[in-house]
Amino acid sequence: MKRRQLRGRTVVLTGASSGIGRATALAFADAGAHLVLAARNAAPLEDVAEQCRAVGAQALVVPTDVTQADQVRALAAAAVERFSAIDVWVNNVGVGAVGSFTETPIEAHRRVIEANLLGHFHGAHAVLRHFMARKQGVLINMISLGAWAAAPYAAAYSASKFGLRGFSEALRGEMSGWPDIHVCDVYPAFMDTPGMAHAANYTGRRLKPAPPLYDPRLAAEAIVSLARAPRATVTVGAAATALRAGHAVSPLLSSWIGARVVERYLRQADTAPKGDGNLYAPSIGNAIDGGFRHSTTPCRWWMWAALGGALWLGAQAVRRPR
């Protein structure tokens with residue numbers, strides 16, 4: 001496949017203020033792309049934009065709440081007004097709410113769906129007509145391994161990610177008659193971003209992501225590679241591929257083990273105040289890294305060993321004649 005030149009191309013990136021989004025903005029800037037950066041808080045966006053400009057890229061900041069369709073349409077219009085066209089659109093916003101389903105406020109469940117699922121809908125709806133008018137464009141949806149393996153105690157997050165996988169597959173079907181319009185998905189494993197610290201927490205316990213954790217710059221590299229050479233899906237991190245395979249072998253077993261792992265962790269974790277995180281207000285801080293890679297304890301590797309062993313047993317059971 002012919003690799004696309006990114007220098008001078010216009011990239012719209014939502015969720016650009018921290019984590020994978022910030023790393024992706026800097027990676028596109030290094031490639032010479034023009035950037036239109038979106039998130040709810042203007043201050044950290046301006047900081048990212050200045051870093052992009054420092055390497056010679058042009059960057060436009062457009063504060064945007066992706067749960068509001070009119071704001072996302074305004075984002076697309078601002079990009080076209082400034083740079084004449086949009087070549088790549090990256091739907092990168094993602095929020096979470098951790099807690100048992102019944103103890104998590106229904107409003108929080110709704111907000112996660114609005115941000116993660118409808119936010120991607122709004123982005124695609126705002127840009128696909130533009131792509132069709134130009135007969136070209138790349139839409140990249142940041143999803144997660146959660147689209148294949150459900151996350152107990154994060155029900156709305158799981159629902160949004162499973163929904164995003166179906167959404168992207170449906171769009172690829174609709175766009176199949178447009179050879180130069182591409183819908184691409186990114187399925188990263190657990191990345192060491194501030195996302196867990198920003199998440200709504202209704203458990204009363206301090207949250208940490210389980211290892212192995214990966215550098216968010218790997219996800220950024222995957223996104224840039226899709227912009228250069230589009231393909232339907234890409235996974236980031238070996239754990240994403242392993243969990244996807246394990247879920248395919250035994251979805252029920254995968255969910256059961258996931259719930260037991262979370263429950264065991266919560267019994268041992270330090271107490272922490274409950275709160276809505278960044279569901280209704282912008283995140284504080286704009287770092288790429290979450291700092292969890294240096295604080296996760298080696299003893300939690302037993303979780304992965306247990307998961308692998310259980311899924312192996314499930315595979316053997318499937319192979320046995322009935």
Side-chain angles (χ1 to χ4, degrees), residues 1 3-4 6 11 13-33 35 37 39 48 51-52 55 57 88-96 116 120 138-149 151 157 161 164-165 168 182-199 208-247 283 285-296 298 300-301 303-304 307:
M1 181 181 295
R3 288 172 62 84
R4 296 162 181 250
L6 294 180
V11 178
L13 172 63
T14 67
S17 59
S18 66
I20 292 173
R22 186 184 181 97
T24 301
L26 298 178
F28 273 120
D30 285 337
L35 286 154
L37 305 174
V48 178
Q51 283 194 273
C52 294
V55 297
V88 180
W89 184 290
V90 184
N91 281 322
N92 177 63
V93 168
V95 300
N116 293 1
H120 281 50
V138 181
L139 172 65
I140 301 174
N141 288 324
M142 173 59 68
I143 307 184
S144 101
L145 65 84
W148 301 98
Y157 179 87
K161 297 302 182 178
L164 281 176
R165 179 161 60 91
S168 276
H182 304 274
V183 179
C184 311
D185 302 341
V186 183
Y187 296 97
F190 295 115
M191 297 285 126
D192 183 18
T193 73
M196 186 65 78
H198 294 165
K208 283 186 180 181
L213 298 177
Y214 296 88
D215 189 329
R217 295 163 189 81
L218 296 176
E221 291 172 7
I223 292 170
V224 174
S225 74
L226 288 175
R228 287 194 172 111
R231 55 193 185 279
T233 66
V234 62
T235 57
V236 183
T241 302
L243 286 175
R244 177 176 174 178
H247 182 266
S283 305
N286 58 350
I288 292 175
D289 301 285
F292 294 106
R293 276 176 293 173
H294 306 297
S295 63
T296 50
R300 243 179 282 166
W301 281 98
M303 299 177 183
W304 290 94
L307 177 59

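Computed over heavy atoms, backbone and side chain alike; hydrogens, waters and symmetry mates excluded.
For the atom pair Ile143 CD1 and Asp185 CG, the distance stands at 3.5 Å (nearest 0.5 Å).
Judged as a side chain to side chain contact (heavy atoms under 4.5 Å, CB included), and not counting sequence neighbours, the contacts of Ala33 are Val11, Phe28. Annotation: side chain to side chain contact (heavy atoms under 4.5 Å, CB included) contacts of Ile288 (sequence neighbours excluded): Arg22, Ala23, Leu26, Pro216, Arg217.
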Listing, residues 14-21 side-chain donor-acceptor contacts under 3.5 Å, not counting sequence neighbours, or none:
from  : atom 1 : to    : atom 2 : distance (Å)
Thr14 : OG1    : Val90 : O      : 3.4
Thr14 : OG1    : Asn92 : N      : 2.9

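The minimum heavy-atom distance between Leu35 and Cys52, with the atom names listed, is CD1-SG, 3.6 Å. Nearest approach of Gly96 to Tyr157, heavy atoms of both residues: CA-CD1, 4.4 Å. In terms of heavy-atom proximity, Ala25 sits nearest to Val48 at CB-CG1, 3.7 Å. Residue Arg228 comes nearest to Ala31 through the heavy atom pair NH2-CB, 3.5 Å, listed as atom of the first residue, atom of the second, then distance. The two residues Pro188 and Ser144 make their nearest non-hydrogen contact at CD-CA, 3.5 Å.
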Quiz item: Does the pair Val88 and Arg4 meet the rule for a side chain to side chain contact (heavy atoms under 4.5 Å, CB included), with working shown?
Solution: CA-CA 11 Å; Val88 180; Arg4 296 162 181 250; over 6 Å; no
Margin query: Please determine whether side chain to side chain contact (heavy atoms under 4.5 Å, CB included) holds for the pair Trp89 and Leu139, giving the CA-CA distance in whole Å, both sets of side-chain angles, and the decisive distance to 0.1 Å.
Written below: CA-CA 5 Å; Trp89 184 290; Leu139 172 65; 3.8 Å; yes
- Could you please spell out the steps behind the side chain to side chain contact (heavy atoms under 4.5 Å, CB included) verdict for Thr24 and Met142? CA-CA 11 Å; Thr24 301; Met142 173 59 68; 6.0 Å; no
Between Tyr187 and Arg165, does a side chain to side chain contact (heavy atoms under 4.5 Å, CB included) hold up when you go through it step by step? CA-CA 10 Å; Tyr187 296 97; Arg165 179 161 60 91; 3.4 Å; yes
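Within the 4.5 Å cutoff, side-chain heavy atoms of Asp289 are placed close to those of Asp215. No side-chain heavy atom of Cys184 sits less than 4.5 Å from a side-chain heavy atom of Val234.
For the pairing with Val186, the side-chain contact (heavy atoms from CB on, under 4.5 Å) check across Thr235, Ile140, Asn141 returns one residue only, Ile140.
In this structure a side-chain-to-backbone donor-acceptor pair under 3.5 Å is present from Asp192 to Gly291. The backbone N or O of Val95 lies less than 3.5 Å from a partner atom in the side chain of Asn116, making a donor-acceptor pair.
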